[in-house]
Amino acid sequence: MANKLLSEMGLPKSIANIFAARNLITAKDVLSLTEFELMELLDVDLAVVASAVAHISEITCPPYQTALSLLEQRVQNERMAGHLPTCLKGLDNALCGGIPFGVVTELVGPAGIGKTQFCLKLSLLASLPSSYGGLDGSVIYIDTESKFSSRRMIEIGYNSFPEAFHAEGMAQEMAGRILVLRPTSLSEFTDSLQKIKVSLFQHGVKLLIIDSMAALLAGEGVQGPQRQHSLGWHISFIKSVAEFSRIPVVVTNQVRSQSRDETSHYSFQELSRVDRPEATTNLDSHLVAALGIHWAHAVSIRLVFESRSGQRFIKLAKSPLSPPLAFPFNITSSGISLLNDDGVEMPGPEIHTIHCQGHSSIINVGSEMMH
Ligand SMILES: Nc1ncnc2c1ncn2[C@@H]1O[C@H](COP(=O)(O)OP(=O)(O)OP(=O)(O)O)[C@@H](O)[C@H]1O
């Protein structure tokens, strides 16, 4: 502020020229002198000096704020730090409105359980015009496994929001707002992330989805804890993008089988039957979230997707506010829908375990993954 140039302050030309002639260039040069010193140096009378100093001070000092304007700003920030409703009533109630802005939400579960279906619906909701209850924004969808299907997304759109989708050109307009990136390696993913901070503002992005993180490392040939270590920068960056841009960031994560004696080892791939002969009968008996402890702590909300005796559930496994509830769901042409909105309260460690379809055995993502 003090280094602001006098020449850019809109002072009357006569006094601006005198300042320049006496080599007074910045606000600091003038405000460091007393009015008397300025009168002497500039050879002008007190009224001219006082008026110039008042003008320079006003421009240089940050404007004051009233208590009322601070209060209004706070209300505005809270509104902006809101939620993206999932349109699944029970889940939205439990999450106090939906997927929160400004934090990372993780969807974790076995392959084929419905994480991508959930992400497609969220993408639609973020891009839907506000008159239909959406956020009227763009979406950046980082699709690391080439699972994103625009055809499926449009199908969900037509069935979930028929009014909006039958409006002429709406389907095309919404599909045009969803920017799909398909990095094929960790370094391409790193590049995409670095470009995102700029794109967020250029494109009015209201939702960032990464589906999935773990898949990127699977092909890198890095082993065990090293894999998690090489993701350290990405994890911090993704968290900072959420905080800085105040948008919801949703990341999917698979669970994989793992033997009981290796609970500290987070693997991205199933151990082969040749490597672990005992796993042949117990292949999916012990699964862990693939990205490890550092990741677990970066996540504010975790939704566990699981299947028990053929019934799928979404479990609210981690949330600063919400009760530990499990919601049975199915997937139809209109995407994910809950079978009841009340959910089943699940106190204790059961909320953190992930049951696998067709398997009676369970996995436990561990107490360190809980909060
Ligand atoms: N048009 C549809 N109608 C009904 N169900 C569908 C439809 N399309 C997909 N599904 C369901 O969605 C499931 C796939 O879900 P999804 O692709 O979201 O899995 P995922 O959890 O993302 O798996 P991965 O970790 O492998 O990416 C299918 O098994 C099927 O049950």
Side-chain angles (χ1 to χ4, degrees), residues 86-88 91 99 105-126 139 141-162 165 171 175 178 180-184 189 207-219 227 231 249-258 266-270 283-284 287-292 295 299 301-317 326-339 353-359 363 365:
T86 64
C87 276
L88 303 172
L91 190 62
I99 307 292
T105 296
E106 181 187 31
L107 315 179
V108 60
I113 192 74
K115 303 181 294 292
T116 300
Q117 302 297 310
F118 192 86
C119 292
L120 293 175
K121 185 80 165 272
L122 289 182
S123 303
L124 285 169
L125 286 160
V139 175
Y141 197 116
I142 303 187
D143 176 30
T144 64
E145 292 184 292
S146 295
K147 290 266 186 79
F148 180 89
S149 159
S150 39
R151 184 179 295 184
R152 173 64 177 141
M153 195 188 67
I154 300 286
E155 181 191 22
I156 295 174
Y158 270 112
N159 290 298
S160 303
F161 315 105
F165 270 74
I178 298 169
V180 182
L181 304 175
R182 288 201 161 131
T184 54
F189 178 60
L207 172 67
L208 169 63
I209 290 180
I210 302 171
D211 183 19
S212 79
M213 280 270 284
L216 279 165
L217 287 193
R227 282 177 172 163
L231 267 190
V249 173
V250 176
V251 181
T252 68
N253 185 9
Q254 295 107 337
V255 284
R256 298 283 188 178
S257 74
Q258 188 170 43
Y266 292 87
S267 173
F268 290 110
Q269 291 177 306
E270 287 177 358
L283 193 62
D284 285 326
L287 305 174
V288 292
L291 298 177
W295 173 249
V299 166
I301 305 280
R302 176 173 300 110
L303 302 180
V304 164
F305 286 61
E306 69 166 13
S307 173
R308 253 180 290 158
S309 316
Q311 176 60 60
R312 298 180 214 226
F313 289 87
I314 298 177
K315 298 198 294 194
L316 242 169
F327 297 93
F329 74 95
N330 61 14
I331 307 177
T332 64
S333 56
S334 55
I336 285 184
S337 55
L338 299 186
L339 299 183
T353 60
I354 306 178
H355 293 254
C356 235
Q357 189 161 33
H359 294 269
I363 65 162
V365 291

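All ligand and atom numbering here is 1-based and tracks the order in the structure.
The CD1 atom of Ile210 sits 9.0 Å away from the OG1 atom of Thr252 when rounded to the nearest 0.5 Å. Annotation: the span from Arg312 atom CZ to Leu338 atom CG amounts to 13.5 Å, rounded to 0.5 Å. Summarising the geometry, atom CG belonging to Leu208 is positioned 10.0 Å from atom OG belonging to Ser123; distances are rounded to the nearest 0.5 Å. Distance check, rounded to the nearest 0.5 Å: OG1 of Thr144 to CG of Asp211 gives 6.5 Å.
Within ligand 1, the atoms closer than 4.0 Å to a non-hydrogen atom of Gly114 are 15 (O), 16 (P), 18 (O), 19 (O), 20 (P), 21 (O), numbered from 1 in the order shown. Interface of Thr332 with ligand 1, defined as ligand atoms under 4.0 Å from a residue heavy atom, comprises 3 (N), 4 (C). Residue Gln254 has at least one heavy-atom neighbour below 4.0 Å for each of these atoms of ligand 1: 25 (O).
Put simply, part of Pro110 is less than 4.0 Å from ligand 1, judged by heavy atoms. Between Gly112 and ligand 1 there is a heavy-atom distance shorter than 4.0 Å.
Scanning all protein heavy atoms for the shortest distance to atom 6 (C) of ligand 1 gives Ile331 CG2, 3.7 Å. Atom 25 (O) of ligand 1 has Lys115 NZ, 2.9 Å as its closest protein atom, hydrogens excluded (heavy atom only). Scanning the protein for heavy atoms near atom 1 (N) of ligand 1, the closest one is Arg152 NH1, 3.2 Å. The protein non-hydrogen atom at the shortest distance from atom 30 (C) of ligand 1 is Arg312 NH2, 4.2 Å. Taking atom 22 (O) of ligand 1 as the reference point, the nearest protein heavy-atom neighbour is Thr116 OG1, 2.6 Å. Atom 27 (O) of ligand 1 has its closest protein heavy atom at Lys147 NZ, 2.6 Å. Among protein heavy atoms, atom 9 (C) of ligand 1 sits closest to Gln117 NE2, 3.5 Å.
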Check against side-chain contact (heavy atoms from CB on, under 4.5 Å), Leu207 and Val250: CA-CA 8 Å; Leu207 172 67; Val250 176; 4.1 Å; yes

side-chain contact (heavy atoms from CB on, under 4.5 Å) assessment of Val304 paired with Phe313: CA-CA 8 Å; Val304 164; Phe313 289 87; over 6 Å; no

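Tested against Cys87, the residues Leu122, Leu125, Leu124 include a single side chain to side chain contact (heavy atoms under 4.5 Å, CB included) partner, Leu125.
Ligand 1 has no nitrogen or oxygen under 3.5 angstrom from a nitrogen or oxygen of Ala111.
A donor-acceptor pair shorter than 3.5 Å cannot be found between the side chains of Ser212 and Asn253.
By the side chain to side chain contact (heavy atoms under 4.5 Å, CB included) test, Ser160 is found to be paired with Lys121, Ile156, Ser334, residues two or more places apart in sequence or in another chain being considered.
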